[in-house]
S.K.: 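One structure is given below, represented as structure tokens, and several questions about it will come after.
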Amino acid sequence: MKAGIPPVAAARGSGRAGPPRLSPPRPTHARQRPKGSARMSRYTPAEIEPKWQKAWDEALTFKAERKNGKPKYYVLEMFPYPSGRIHIGHVRNYTMGDVVARYKRATGHNVLHPMGFDAFGMPAENAAMASGGHPKTWTYDNIDTMVEQMKPLGLSLDWSRMFATCDPEYYGQQQALFLDFLEQGMVYRKNAVVNWDPVDMTVLANEQVEEGRGWRSGALVERRELTQWFFRISDFAEDLLEALDGLDDWPAKVKTMQANWIGRSRGLQFAFSTTDAPEGHDRIEVYTTRPDTLLGASFVGISPDHPLARQLERDSEEVAAFCAECRRTGTSEEELETAEKKGYDTGITVRHPFDTSWELPVYIANFILMDYGTGAVFGCPAHDARDLEFARKYDLPVSSVFVPAMGEEGTYILPEDGGPAYVPPKVETVRYLKPFAGEEAMTGDSGVDAAIAFCEENGVGQGVTKYRLRDWGLSRQRYWGCPIPVVHCDACGVVPEKKENLPVELPDDVSFDQPGNPLDRHPTWRDVACPSCGAPAKRETDTMDTFVDSSWYFARFTAPRAGTPTDMADAEYWMNVDQYIGGIEHAILHLLYARFFSRAMHLTGHLPEKSREPFDALFTQGMVTHAIFQTYRRETHPDPQPDKLVRHYLFPEEVITFQHDGIEKAVETAFAESLEGVGGLSSVQALAEVHRIADMNGRGVEIIPSAKMSKSKKNVVDPVSIISQYGADTARWFVLSDSPPERDVEWTASGAEAAHRHLSRVFRIAAEAARAEDAPQGSDEVLLREMHKTIHDVTQGIESFGFNAGIARLYAFTSTLSKSDAGGEAKREAARTLAQLMSPMTPHLAEEMWSMLGGEGLVADAPWPVADETMMVEDTVTMPIQINGKRRGEVVVPKDMPKPEVEELALSHHAVLKALDGGAPKKIIVVPGRIVNVVV
RNA sequence: GCCCGCGUGGUGGAACGGUAGACACAGGGGACUUAAAAUCCCUAGCCACAUGGCGUGCCGGUUCGAGUCCGGCCGCGGGCACCA
């Protein structure tokens, strides 16, 4: 640990509210205390933490090895991207995992808790372009820094298993998996669109497209088709959907999101016959999930990429112009859906399948995706908001098919009369105005079923099940990724690389001085002999999506140095991941891809059957947020241009926060110090005056609370400075306190100080207990009873991911212990138990307490304390008495008092007597042990 | 736009459909100290002197009883297939 960050920097600022802190606490480690009598009562994390980390290292405490006789437990946190520095969000993520890992160790499990890096990806290339370095150097330097920053956290990791996905040993095995998948027919090539920057001549990621323009060139982005590699994940759609049911320990919201993403739908596929269409387009296939609304059809819409649209484009400049415009939007669904709905009337019509004299116009529409369904839809404006918007824009007819079944008369406005589109859930019963199949009143679901049956009978089309899930395009036109191990040969076509030639390693001699993929411009790497015929051929220059890297790393951790992707014996022993922990932002893509991969790895013999679902339990944690401090700076321009106010962000350490008139305010430290005569930072009054002056001068600071931390907004907290100031245990304790793990937590400097004060207090109390006189006293039992309740509640808290609740109990128990007048031995027992209960959260402090209280060995090796149920039983219970559901009093009764007696007691309560006023109660509800409610 | 969440004092939050505000931060008061820091104790949802009334984003519903369940709205966050 590095000594001394400027005290002002950490203590000022970012306090949520309150008076200015004028004399910040000095970093604890800076006090070089003489060894001696006072030494034992001072909490010095800077001494304690490295000492115990060394002890764990030397004892190989956290090395994971296959062992018989103990149940295994595999806990995994989503591995980080090596961005360069660890982030307080990482601290929270890994601390949660560490709590689980240490707790499971203590409860007799053989724990695997590994760490690695998700190391391929665009930021490394961006850095190389910006500063001329090499992605590889940048990445490995970052990894070194981050490991160095993570080690002081004291995580119970088996560092010997560490790897980065950009290690050739890792991605070589990934290439082997790719070849096996290819052989099994789970990979194929097809055309797909990408964002194309016509100036930089390069493919852009969605995030590199800003308002339809390339982020560097500013050129209008185009969609361009390329031949790309795909995983057949959609073949697994049904299985991936069905299996969600078995994931009992996954959050319901994640399962819902995945189910919606897979999007199984039952619908009708049929064809409209066309009039006046070019040859070969006499039919337009459409797919609809609402065939019951066929009689409300108003138009047919086709994708700009639909074969018919393509044909028309060739024949007409106008159509070509319209399609070109449609293709100018990005490829993301969000952009397509939020863009203004536009259509082009082709002049072609189709005949309605139920009535051939009824013709509908065919529009090319920018919101229809070629990838989903058939690339064509029929529009029913009355029952689809988007179709209604479109119909109103192009003055197309709107005709209701059904109306609400009951009620709402008088308030319901038909869409044709200007009302909104009526889109009830399909389970709701509606009344059909023009039923052609089924009942007049029925649910949407029945309506759809009846419509499908009717259409099938009459030869109009057939019921089909479709999925929204598309195949996974894995080709990326970038350097810093896992090379796709195939060779393109003029004679043999696409030829897989031979396994003995793996890994196909990335060449080091590349430059990023021009846009595009350097592999494309690297002749000696690119030009190879065909593995099949030996003729001159070219390597595939696309690399893999980085989601591939993270789709199997959990399996690799079970045998990180194996010469094959996995070692079956190790996989059999360690898989599955018993507890997986990570951000909710990965709820869909990463987790779905990993579920697909583990199925594919099972099919290719790399994982056992049980690992088709690799994560037994999932927990999604919230973010760490921090207030943003925003101000404006005057930017001066030469005459005649006026000066401009430009938004400017301040780091937390650049401001002082305080509370005035009940409102939290902030002033810029530098500005306050520049003022003379107002007393600067000496009091709330002076700060308020500074604040007033700042506002008048356009130097006011605006506080935007609870924002996701980001470097550009400067609302970041660096864990390294927190650790050097307070120690790792304080950082760990803080990120676990207060907020429930699944929710976002706002980092506040005052909260961190409070955590540190508490740990110091615990240390003092433990030191006192160690010295306490061993005279037995009457209140031993009170303390021990409380201890057993605490064991129970903290255990419960950890088991249920209620770390904050467990910590609240530990606060309470610390308070009990400090006030207890129990004998020394009881106090020591209580303090040792406290150390054990705290050990998953604050492992270093716990070890120190344990050793000072005469605990045997390491607390990390001590078995978890077990609550004695008999010590927790209370014989009386306080029951609140409610009158009409409002609390009016309480009675203390024996725990198992029979209902009639409780009723009698309640009725004699003065508040009840007063409320009854001589009358009889209407009803009395007694919930044993909980509550009495008297209804009068 | 679509899918999924979340919303409780000045602040973070607690609460099997059963005493709303545990625990903590900030605040107020006090003890100790020459003074301060550190520490310890007390206090505290809001309104009202009080009896009491009002309170879990807003509106409505179910229930003896709703922060919790249902419907509708508002606000904020996550995801939307090439950010990881």
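Given the structure is predicted, the values throughout are model-derived calculations rather than measurements. Chain letters run A, B, ... following the sequence lines, proteins first and then strands; every chain starts at 1.
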S.K.: Report yes if at least one side-chain N or O of A:T546 is closer than 4.0 Å to OP1 or OP2 of B:A84; otherwise report no.
M.R.: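 Answer is yes, contact under 4.0 Å.
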
S.K.: Is any side-chain N or O of A:K253 closer than 4.0 Å to OP1 or OP2 of B:G5?
M.R.: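 A:K253 to B:G5 OP1/OP2: no side-chain N or O under 4.0 Å.
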
S.K.: Looking at A:K253 and A:E742, does any basic side-chain N land under 4.0 Å from a carboxylate oxygen?
M.R.: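 No, A:K253 and A:E742 are not salt-bridged.
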
S.K.: Between A:F813 and A:Y811, is the ring centroid distance below 6.0 Å?
M.R.: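 Distance test on ring centres: not under 6.0 Å, no.
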
S.K.: Which part of the nucleic acid does A:W472 contact within heavy-atom distance under 4.0 Å: base, sugar-phosphate only, or nothing?
M.R.: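 Answer is nothing: A:W472 stays at 4.0 Å or more from every strand.
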
S.K.: Pairing check on B:U51: which nucleotide meets the Watson-Crick or G-U wobble criteria with it, both distances under 3.5 Å?
M.R.: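 In the structure as shown, B:U51 has no Watson-Crick or wobble partner.
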
S.K.: Applying the ring-ring contact (aromatic ring centres under 6.0 Å, His included) criterion to A:F79, which one of A:Y553, A:F554, A:Y580, A:F117 satisfies it?
M.R.: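 Exactly one pass, corresponding to A:Y553.
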
S.K.: Name the pairing partner of B:A24, where a pair is Watson-Crick or G-U wobble with both distances under 3.5 Å, or state none.
M.R.: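 B:U11 is the nucleotide pairing with B:A24.
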
S.K.: Can you check nucleotides 16-19 of chain B for protein contacts, nitrogen or oxygen pairs under 3.5 Å, and list what you find?
M.R.:
| unit_1 | atom_1 | unit_2 | atom_2 | d |
| --- | --- | --- | --- | --- |
| B:C16 | N4 | A:R930 | NE | 3.4 |
| B:G18 | O2' | A:R930 | NE | 3.3 |
| B:G18 | N2 | A:Q882 | OE1 | 3.4 |
| B:G18 | N2 | A:N933 | ND2 | 3.4 |
| B:U19 | O2 | A:R887 | NE | 2.8 |
| B:U19 | O2 | A:R887 | NH2 | 3.2 |

S.K.: By the 4.0 Å heavy-atom rule, please label A:P80 as base, sugar-phosphate, or nothing.
M.R.: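 No contact.
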
S.K.: Which is true for A:Q477 with a 4.0 Å heavy-atom rule: it touches a base, it touches only sugar-phosphate, or it touches nothing?
M.R.: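 Base, at least one base heavy atom under 4.0 Å.
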
S.K.: Suppose we call two aromatic rings close when their centres sit under 6.0 Å apart. Are A:H590 and A:F547 close by that rule?
M.R.: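 That pair fails the under 6.0 Å test.
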
S.K.: Out of B:A84, B:A81, B:A24, which nucleotide sits closest to the side chain of A:L469?
M.R.: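 That would be B:A81.
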
